[in-house]
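Beneath this line is the structure, given in structure tokens, with notes to follow.
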Number of protein chains: 2
Amino acid sequence: MTFMPDGNSNSKNVKTLKIVQSEVQSTNKIALSVDCVIFGFDENKLKVLLIRSDMKKFQSKWSLLGDLVKPEEDIDSAAYRILKQRTGLDHLYLEQVHTFGSINRHPGGRVVSVAYYSLINIQHHKLKILDNELHWHDVDSVTDLAFDHQEIFDTCYTRLQKRVQEHPLGFSLLPNKFSLRELQNLYEAILGVKLDRRNFRKKFFAMDFLIDLDEIEENVPHRPGKLYKFNYSKYEKRNKKWIGIDF
Amino acid sequence: MTFMPDGNSNSKNVKTLKIVQSEVQSTNKIALSVDCVIFGFDENKLKVLLIRSDMKKFQSKWSLLGDLVKPEEDIDSAAYRILKQRTGLDHLYLEQVHTFGSINRHPGGRVVSVAYYSLINIQHHKLKILDNELHWHDVDSVTDLAFDHQEIFDTCYTRLQKRVQEHPLGFSLLPNKFSLRELQNLYEAILGVKLDRRNFRKKFFAMDFLIDLDEIEENVPHRPGKLYKFNYSKYEKRNKKWIGIDF
DNA sequence: CTGCAAATGTGTAAAATTTACACAAAGTAG
DNA sequence: CTACTTTGTGTAAATTTTACACATTTGCAG
């Protein structure tokens, strides 16, 4: 990181940075879209929902689900709209990640796209509008997406990996009732690591946010595990302030 | 977090989610801007650069520095442009944080704004274009900004607090050569906590990214401290992968 | 020159956390 | 009833974090 004090900045070109009505309405060159990285978890693999691009330039490439934001629509609402259209589900975990606005990212013109990721419980949904081969892909096999969607996907996946370690997101990918084994499989799939079973359990029990449902798994060909759910309301009340400088 | 499997989604209203040229160019209702939260560090206080809003509706309120993104300009470039205009500095630390797009966030029309924060070394710059009372404010005293700028500011400040603990950003706020005391003051100011001096030193020396310059402070009315700089190139080569689930 | 004020520089012991690791019990399938 | 698979559990060692005190260096006032 370097510093270049520069007395020669182009001060003359600066207009007052006020945005007035006329200016807003005449700015008609930038379109706004949202793209959603929709994650699911099935058969111990982390999945992402993709669709075939229907732009010729990207024929045969997969792409994320997205759409233009409507003029009278909040950005978050646009993302929810896409999720609902495709999965039929409401009230999903949804997090804005980054806005991608390279000038030439979209061949159809200047389109700035706000990227979100969402976590859905694969058992609880049925895909809607099955056009363009909409379906779930293993995250490991996601390469060479259309547009700049590979970069968007990578950014969102990295964010998820970070975030899931610090916040109780992961439960959104699981059934309401889950075993500790399922929870561990989830973390292993998201983070791409193997974890020690005893230490994993110890850690979660120590956090004390799991509610023991006094139920056990059914239809497993071995000793069934106990089922738990996550105690969101207890979690909300916690106020941990974490100071731990470390690069 | 609840789940509402919903077979009744409005599938009929869905059009194919392709964005075609005509559509992009006819979407002329959304303007795109950037807003910058510019942080500085002076006299052991974290500061932010604000300007008086020149919209009547917000008279006398402070606001962030921002401008519309030009049709042929990357979003990041727009943010850099503002920084350069105002501080004369180039090559600043700049991080995109979040995009704010509530329908009515701007009285002049629909304006979606991409928020950034930047870290600058206050000694190394002179403010440019001193219109509208542009100047530095203590972050503690920042309240009731114009537009939704308070929310933007809070989001960016929170992000900085998080980020500075995990990445070597803070050095961008300090002179090239700094003492450990200055570094500790910086962290204390950003995080709003007191830290143990011996443990703070121990931690930074253990990371082993500080280069001892064999120089000492001058013009201090007490025993001078040694000066260091941060070893960015060594830091870049490190590949720490951190697994530590904890909410 | 002396003494005072202020901040630097340094180590250790206790506490807390993290890691590695093994065996008995519960269920299913044949 | 046997073999197989996975659950459920504890402890000792290693590591990391925390709390804490004193001698040293400099500037400054007298």
Side-chain angles (χ1 to χ4, degrees), chain A residues 41 43-45 164-166 174-175 177-189 191-229 238 240-247, chain B residues 41 43-45 164-166 174-175 177-189 191-229 238 240-247:
Chain A
F41 181 63
E43 292 174 331
N44 294 340
K45 301 235 182 191
V164 79
Q165 297 191 54
E166 301 176 345
L174 292 177
K177 305 173 177 187
F178 52 85
S179 68
L180 274 174
R181 172 47 111 186
E182 290 175 288
L183 187 59
Q184 183 174 344
N185 285 339
L186 175 70
Y187 273 89
E188 290 180 343
L191 300 175
V193 295
K194 283 308 251 179
L195 301 170
D196 180 272
R197 194 163 58 92
R198 274 185 288 190
N199 293 336
F200 183 86
R201 296 168 148 262
K202 207 186 313 179
K203 175 155 270 175
F204 270 93
F205 289 137
M207 288 188 212
D208 207 26
F209 291 130
L210 294 183
I211 297 171
D212 184 337
L213 295 170
D214 268 318
E215 292 177 63
I216 56 170
E217 290 179 293
E218 283 172 19
N219 304 319
V220 288
H222 55 71
R223 175 174 177 180
K226 299 178 80 172
L227 294 178
Y228 299 86
K229 66 176 182 178
R238 141 223 78 121
K240 177 185 257 185
K241 197 178 175 180
W242 221 66
I243 303 288
I245 301 161
D246 204 4
F247 321 144
Chain B
F41 181 64
E43 290 172 333
N44 293 342
K45 301 235 183 193
V164 78
Q165 297 192 55
E166 301 176 346
L174 293 176
K177 304 174 180 187
F178 51 86
S179 68
L180 273 177
R181 172 47 112 188
E182 290 175 287
L183 187 60
Q184 183 174 343
N185 285 340
L186 175 69
Y187 273 90
E188 290 180 342
L191 300 176
V193 295
K194 284 307 255 179
L195 300 171
D196 180 272
R197 194 162 58 90
R198 273 184 289 190
N199 293 337
F200 182 86
R201 296 167 149 263
K202 208 188 310 180
K203 174 155 272 172
F204 269 93
F205 288 139
M207 289 189 212
D208 207 26
F209 291 131
L210 294 182
I211 297 171
D212 183 338
L213 294 170
D214 269 318
E215 294 178 61
I216 57 171
E217 291 178 293
E218 281 171 20
N219 304 322
V220 286
H222 55 73
R223 176 174 174 179
K226 299 178 78 170
L227 295 176
Y228 298 86
K229 65 176 182 178
R238 140 225 80 121
K240 177 185 260 185
K241 195 179 177 180
W242 223 62
I243 305 288
I245 300 161
D246 206 5
F247 317 148

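Throughout, protein chains are lettered first and strands after them, A, B, ... in sequence-line order, and every chain is numbered starting at 1.
- Distance check: A:Tyr228 OH to A:Ile211 CD1 gives 12.0 Å after rounding to the nearest 0.5 Å.
- For the atom pair B:Glu215 CD and B:Lys229 NZ, the distance stands at 10.0 Å (nearest 0.5 Å).
- Taking every heavy atom of residues 212-224 of chain A and every atom of DNA chain D, pairs under 4.0 Å involve A:His222, A:Arg223, A:Pro224, by number.
- A:Arg181 has its CZ atom 18 Å from the P atom of C:dG27, to the nearest Å.
- Residues meeting the side-chain contact (heavy atoms from CB on, under 4.5 Å) test with B:Arg181, sequence neighbours left out: B:Ser179, B:Gln184, B:Asn185, B:Arg197.
- Note: B:Tyr187 and B:Phe204 meet the aromatic proximity criterion, with ring centroids under 6.0 Å apart.
- Checked against salt bridge (charged side-chain N to carboxylate O under 4.0 Å, His left out), B:Lys45 has the following partners two or more places apart in sequence or in another chain: B:Asp138.
- In this structure, B:Gln184 places its CD atom 12 Å from C1' of C:dA7, rounding to the nearest Å.
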A:Val164 and A:Leu186: CA distance, side-chain angles, deciding distance, side-chain contact (heavy atoms from CB on, under 4.5 Å) verdict: CA-CA 10 Å; A:Val164 79; A:Leu186 175 70; 5.8 Å; no
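- Across residues 193-208 of chain A, A:Arg197, A:Arg198, A:Arg201, A:Lys202 each have a non-hydrogen atom less than 4.0 Å from an atom of DNA chain D (numbered order).
- Residues A:Glu166 and A:Trp242 fail the side-chain proximity criterion, which asks for heavy atoms closer than 4.5 Å.
- Residue pairs meeting the side-chain hydrogen bond (donor to acceptor under 3.5 Å, both in side chains) criterion with at least one partner in residues 198-208 of chain B, sequence neighbours excluded, are B:Asp196-B:Asn199, B:Asn199-B:Lys202, B:Asp208-B:Lys234.
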Stepwise side-chain contact (heavy atoms from CB on, under 4.5 Å) check, B:Phe205 with B:Asp212: CA-CA 10 Å; B:Phe205 288 139; B:Asp212 183 338; over 6 Å; no
side-chain contact (heavy atoms from CB on, under 4.5 Å) between B:Leu213 and B:Lys226, worked out: CA-CA 8 Å; B:Leu213 294 170; B:Lys226 299 178 78 170; over 6 Å; no
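- Going from atom CG of B:Asn185 over to atom C1' of C:dA6 covers 14 Å, rounded to whole Å.
- The CG atom of B:Asp246 sits 12 Å away from the C1' atom of C:dT18 (whole-angstrom rounding).
- Running 5' to 3' along DNA chain D, contacts with non-hydrogen atoms of chain B at under 4.0 Å begin and end at D:dT18 to D:dG27.
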